[in-house]
Amino acid sequence: MHRDEAIKELLFKMADDALILGHRNSEWTGIGPTLEEDIAFSSMAQDKIGHAFQLYTILHEHFGEANPDILGFKRSEKEFKCCHLVELPTVDYAFSLVRHFLFDYADGLRYEELQNASFEPLAQLAKKIKGEIKYHTMHANVWIKLLAQGNEESKARIQSAINEAMPYALGIFEPSEYEKTLQEEKIFSGENALQTKWVETIQTLIEKAGLEMPDITILKPQLGGRKAYHTEHLKPLLDEMTEVVRMDENASW
Amino acid sequence: MYGNAFIDPNDPRNKQEVEESQELLDAFQAKIDNGQKIEPSDWMPKMYRKQLTRMIEQHANSELIGALPEGTWITRAPNFKRKMALIAKVQDEVGHAQLLYNAAETLGKSREAMLNDLMIGKAKYSNVFNYPAETWGDIAVIGFLVDGAAIVNQLINSKGSYGPYCRALKRICAEEAFHLKQGHDNLVALAVGTPEQRQMLQDAVNRWWQPLMHFFGPPDKQSVHSEQLMRWKVKLASNDDMRNQFLDQYVPKILELGLSIPDPNLRKNSETKRWEMSDPDWDEFYRVIKGDGPCNKERLAVRRWVKEHHQWVTDALLRPERVRTVPLA
């Protein structure tokens, strides 16, 4: 049973991250900086929300949790396990781009590892999602490079967004009390190991783009999301997301 | 009036230029009469270029601004299916704008110039997008009826004479067919739902009916009709014909769901096979075109926001060493 709890916790935080980031990225639909970027962010939003749906489906089918629409649209803020990075509002393209860069490299590495998980439904899904994330990271990297090497202002904006987002990005890897179980059960090697791989990957890319990697040893990671302590931004997001469905809890839409 | 704001050919400023010899004009007309498409590098009369640019540009603007009323409901869509479908649908509209701006660019006006003209209110877009989407019911009505009206218009235009526009429209119509399914599915869910859902839907139908009747433009008896545009296959059907076709296709579908249409005088004349209706308020139509609709200012403010907040992105992407090339959509 310990194994089940461990897998459930992993699935919930991954699904919640995907749903909330997908929601945030969809806020660019119609108002993106260029038509091409508008379309790209909408695509990635659809993928992310699709990933959330599939992860909730595993929770529903294998662990007796409610169906995906209930898990996604009818839980309270205190039941969400997303990290703070995905909750922050969409106000600035540089931040959205950097968030997508930092998150998707972590996501890609996570799914790469999970395709070998001993829990077959997750391994299968990870194989599929990994292929999609490849395009997300490719997109992020192209744009980070383009803007880092565009002009002084664009470089400064991207650097400043990296500096701002980094403590929140470290919150992706908030350790879980189930890590030992996940390791013993050959599901996942743990957040710490993932973070190490991630830092190596993004540090290389950031430096290649001519930007500076912040010294993460002196940063305070923004933790708490995995324990359901959230920023002040999640509650209004959920209120908005559930505005229609709350009109009539029993209606079907 | 999705992209049908035509230029008055009788305006002296639009008089054909002297170098447009009868010989050239005849050859051009013969090509169109043969069913051949006009391509960007072909010779074309100045008026043809002007009309097409205006028409495609306005269509592109309509797609882009059309993303806004629906876009505001993406974050409120009530479940996974609706949320993903709505993002995909609105994304398609932005994609259509992109395709159409590319097609318009082949006539010589840059995308940037078109977006600037849109922002300052110089270039128009369909009036229908100057109305707000007040409830989730509006999303069903827009998805089914506004898209349905747009398809009527676009299918007709896809038979036109300008190659790049026709090819863009062909692709657009294929995608719009999915939008219609999505809109219909949403509409049915509300129509067979709780009394509150039905009421929300009926209210939305009532609100959107007049803008939908305005959609195809003023009645034929009022609109400036140009034989020339018809001969050039720039305009392919009259406003009344398109409106009639829309009513033929959609009135039965609305009524079969038990919804009502807010026009007691709407009926099909069995002899003429034409729809008769109360005259919509055309003063309002012209007021909205001139910028005084419920959402004109808000829509342009959004375009301004996009421009102001992303100038730095555009600046970073523009490199002086990159030479501008003319796209061949």
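All chains are named by letter (A, B, ...) in the order of the sequence lines, taking the proteins before the strands, and each is independently numbered beginning at 1. Since the structure is predicted, the reported quantities are computational estimates derived from the model, not experimental observations. Side chains are part of it too, since the values below use all heavy atoms of this structure and drop only hydrogens, waters and symmetry mates.
- Taking a cutoff of 4.0 Å between a charged side-chain nitrogen and a carboxylate oxygen, A:Asp17 and A:Lys13 do not qualify as a salt bridge.
- Between chain A and the residues B:Val313, B:Thr75, B:Thr135, the most heavy-atom pairs under 4.5 angstrom are made by B:Thr75.
- For A:Arg246, no part lies under 4.5 angstrom from a heavy atom of chain B.
- Checked against the 6.0 Å centroid criterion, the rings of A:Trp28 and B:His310 qualify as a close aromatic pair.
- At a 4.5 Å heavy-atom cutoff, the contact between A:Leu19 and chain B is made by side-chain atoms alone.
- Interface remark: A:Glu243 contributes side-chain atoms only to the contact with chain B (heavy atom separation under 4.5 Å).
- Residues B:Tyr125 and B:Arg299 form a side-chain contact, since some pair of their non-hydrogen atoms from C-beta on lies under 4.5 Å apart.
- At a 4.5 Å heavy-atom cutoff, the contact between B:Arg76 and chain A is made by backbone and side-chain atoms alike.
- A:Phe12 and A:Phe80 have their aromatic ring centers separated by at least 6.0 angstrom.
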Steps toward side-chain contact (heavy atoms from CB on, under 4.5 Å) verdict (A:Thr34, A:Glu37): CA-CA 5 Å; A:Thr34 66; A:Glu37 269 304 86; 3.5 Å; yes
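- For chain A, the nearby parts of B:Val90 are the backbone and the side chain; heavy atoms of each come within less than 4.5 Å.
- We find that A:Arg75 and A:Asp16 are joined by a salt bridge, their nearest charged nitrogen and carboxylate oxygen being less than 4.0 Å apart.
- Residues of residues 178-204 of chain B lying under 4.5 angstrom from chain A, judged on non-hydrogen atoms, are B:Ala189, B:Leu190, B:Thr194, B:Glu196, B:Gln197, B:Met200 in numerical order.
- In this structure, the portions of A:Phe53 lying under 4.5 Å from any heavy atom of chain B include both its backbone and its side chain.
- Interface residue A:Glu153: only side-chain heavy atoms are found under 4.5 Å from chain B.
- Annotation: maximal heavy-atom pairing with chain A below 4.5 Å, among B:Arg303, B:His309, B:Arg82, occurs at B:Arg82.
- Panel note: side chain B:Glu70, backbone B:Ala67; no donor-acceptor pair is recorded below 3.5 Å.
- We find that A:Glu27 and A:Arg24 are joined by a salt bridge, their nearest charged nitrogen and carboxylate oxygen being less than 4.0 Å apart.
- A salt bridge between A:Glu9 and A:Lys81 is absent, with no side-chain N of the basic residue lying under 4.0 Å from a carboxylate O of the acidic one.
- Top candidate by heavy-atom pairs under 4.5 Å with chain B, chosen from A:Ile31, A:Thr242, A:Asp248, A:Thr29, is A:Ile31.
- Along residues 90-108 of chain A, the residues that come nearer than 4.5 angstrom to chain B, judged on non-hydrogen atoms, are A:Val91, A:Tyr93, A:Ala94 in order of number.
- Contact count versus chain B (heavy atoms, under 4.5 Å) is highest, among A:Gly32, A:Ala45, A:Pro33, A:Ser43, for A:Pro33.
- Distance alone, capped at 3.5 Å, is enough to place a donor-acceptor pair between the A:His84 side chain and the A:Tyr229 backbone.
- A:His51 and A:His136 have parallel rings, their planes meeting at less than 30° on a 0 to 90° scale where 60° marks the start of perpendicular.
- With chain B as the partner, the residue from A:Ile39, A:Asn250, A:Asn151, A:Asp38 showing the most heavy-atom pairs under 4.5 Å is A:Ile39.
- A salt bridge is defined here as a Lys NZ or Arg NE, NH1 or NH2 lying under 4.0 Å from an Asp or Glu carboxylate O, and A:Lys74 with A:Asp69 fails to meet this definition.
- Note that the NZ atom of B:Lys109 and the CZ atom of B:Arg54 stand 8.5 Å from one another [nearest 0.5 Å].
- Looking at A:Tyr56, only its side chain comes within 4.5 Å of chain B, counting heavy atoms on both sides.
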Working for side-chain contact (heavy atoms from CB on, under 4.5 Å), residues B:Lys307 and B:Thr314: CA-CA 9 Å; B:Lys307 176 88 176 165; B:Thr314 319; over 6 Å; no
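- No donor-acceptor pair under 3.5 Å is formed between the side chain of B:Gln154 and the backbone N or O of B:Cys173.
- Between B:Lys124 and B:Glu57 there is no salt bridge, since none of the side-chain N atoms of the basic residue sits less than 4.0 Å from a carboxylate O of the acidic one.
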